[in-house]
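Here the structure is laid out as structure tokens; the discussion comes afterwards.
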Amino acid sequence: MFKYFTAPNMAGDQWFSVGLASSFPDLGQDEEEVGVLSQPRPCGGGNGKRPGCKAFHVPKLDSSKSQEVPIIPSASDDRTTEQQTTSDIGGGIVNESESLPLEEQVLVFQYKRKFHAVDHSCPHSSFPLSKGIPFDIEDFGVILSAGISCPKHGWSFDLFTGMSDRGNYKLKIWEVQLRDIAGAKKAENGDIEDKEVWVRRRQRMG
């Protein structure tokens, strides 16, 4: 007997909050080099800086026990992928995010006003994609999509489909929702000034 429709409701597939939208720098909004995701940059209009992404350890059996894992920028994070050397990529400070299983981590960031949530681990090399760089996927100057490049071997992945630019490796894409905040202050046009970002593992039907 075939099972035509399945709506999983596993504890490891539940939505969970990753913070306010204003806590994520919006990458790629200026003409400067986007740079490595973990590179610190201004955020929220304040004077402080924070990494351009967040990582969360999400147990496969219970997402309610998810926890943010600090991302510690290395000395090479203010350079582009081409400027990083092999020793840069393989050395430096070991992030706490790398001390927990990468395959159970989600990487969340904002690129050109769009929030993305993907597996933290590169599907090709199991390298942390917080060291990667987001970019526009173009064809003759027309932007078709967005991607992320992994500096370990130079592989790239589409941030919407997960497809790689070579081979059959596929990056797992998570679902993202922006939700209104109960009791939040509204702007003059009636819109909520900030949103809360929620993510979960992408559901599979069938």
Side-chain angles (χ1 to χ4, degrees), residues 16-58 63 66-85 87-123 125-136 146-152 154-157 159 171-178 194-200:
F16 66 95
S17 173
V18 295
L20 298 177
S22 60
S23 67
F24 291 85
D26 191 2
L27 312 177
Q29 284 301 303
D30 51 41
E31 298 300 323
E32 297 180 2
E33 180 73 38
V34 174
V36 178
L37 279 174
S38 56
Q39 174 186 341
R41 60 249 301 162
C43 179
N47 296 323
K49 292 185 176 182
R50 65 185 65 187
C53 58
K54 294 182 183 181
F56 294 81
H57 177 245
V58 189
S63 60
S66 62
Q67 59 175 321
E68 185 173 0
V69 286
I71 292 179
I72 304 173
S74 64
S76 62
D77 283 357
D78 59 353
R79 285 177 275 169
T80 64
T81 301
E82 290 76 12
Q83 292 172 321
Q84 294 182 29
T85 65
S87 59
D88 286 332
I89 294 173
I93 300 173
V94 176
N95 297 345
E96 184 175 338
S97 64
E98 297 172 30
S99 67
L100 295 168
L102 275 178
E103 64 271 16
E104 290 191 354
Q105 291 184 36
V106 60
L107 185 69
V108 187
F109 59 95
Q110 183 181 192
Y111 179 66
K112 294 190 174 180
R113 299 186 178 181
K114 174 70 177 179
F115 280 88
H116 298 278
V118 300
D119 272 7
H120 194 182
S121 177
C122 173
S125 63
S126 300
F127 191 77
L129 288 177
S130 54
K131 300 298 183 183
I133 297 178
F135 64 94
D136 292 329
I148 185 170
S149 62
C150 176
K152 187 70 174 179
W155 286 46
S156 298
F157 302 90
L159 288 171
L171 178 64
K172 291 183 180 178
I173 309 297
W174 294 50
E175 297 182 51
V176 181
Q177 283 186 356
L178 294 181
D194 207 349
K195 299 278 189 178
E196 194 169 22
V197 185
W198 290 70
V199 304
R200 73 170 177 181

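The two atoms that bring P151 and G132 nearest to each other are CD-CA, 3.9 Å, heavy atoms only. Here the closest heavy-atom approach between residue Q39 and residue R41 is recorded as O-NH1, 2.7 Å. Of all the heavy atoms in A117 and V106, the pair that sits closest is CB-CG2, 3.9 Å. Across L107 and A55, no two heavy atoms sit closer than the pair CD1-CB, 4.4 Å. Nearest heavy atom pair, residue L37 against residue S130, reads CB-O, 3.4 Å. When every heavy atom of K49 is checked against every heavy atom of P42, the shortest pair comes out as CG-N, 3.8 Å.
S121 places none of its side-chain heavy atoms less than 4.5 Å from the side chain of Q105. Between W155 and S125 the shortest side-chain heavy-atom distance does not fall below 4.5 Å. Proximity of L171 to L129: side-chain heavy atoms (C-beta onward) are separated by under 4.5 Å at one or more points.
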Show, in sequence, the C-alpha distance, side-chain angles and deciding distance for K112 and D136, and conclude whether the side-chain contact (heavy atoms from CB on, under 4.5 Å) test is met. CA-CA 10 Å; K112 294 190 174 180; D136 292 329; 2.4 Å; yes
Given side-chain contact (heavy atoms from CB on, under 4.5 Å), test V199 with V58 step by step and report yes or no. CA-CA 11 Å; V199 304; V58 189; over 6 Å; no
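Separating the CG atom in D26 from the CZ atom in F115 is a distance of 7.5 Å, to the nearest 0.5 Å. Rounded to the nearest 0.5 angstrom, F127 CZ and C150 SG are separated by 6.0 Å. Here the NZ atom belonging to K131 is positioned 14.5 Å from the SG atom belonging to C122, to the nearest 0.5 angstrom. Separating the CD atom in Q67 from the CZ atom in F16 is a distance of 11.0 Å, to the nearest 0.5 Å. A distance of 7.5 Å separates CG of L159 from CZ of F135, quoted to the nearest 0.5 Å. Put simply, CD on E175 and CZ on R200 are 4.0 Å apart, with the number rounded to the nearest 0.5 Å.
Aromatic ring orientation, H116 versus Y111: tilted (interplanar angle from 30° to 60°).
Between the side chain of E196 and the backbone N or O of S17, no donor-acceptor pair lies under 3.5 Å. Here the side chain of Q110 pairs a donor or acceptor atom with the backbone of F24 at under 3.5 angstrom.
The only option from S38, P40, P128 that meets the side-chain contact (heavy atoms from CB on, under 4.5 Å) definition with I71 turns out to be S38.
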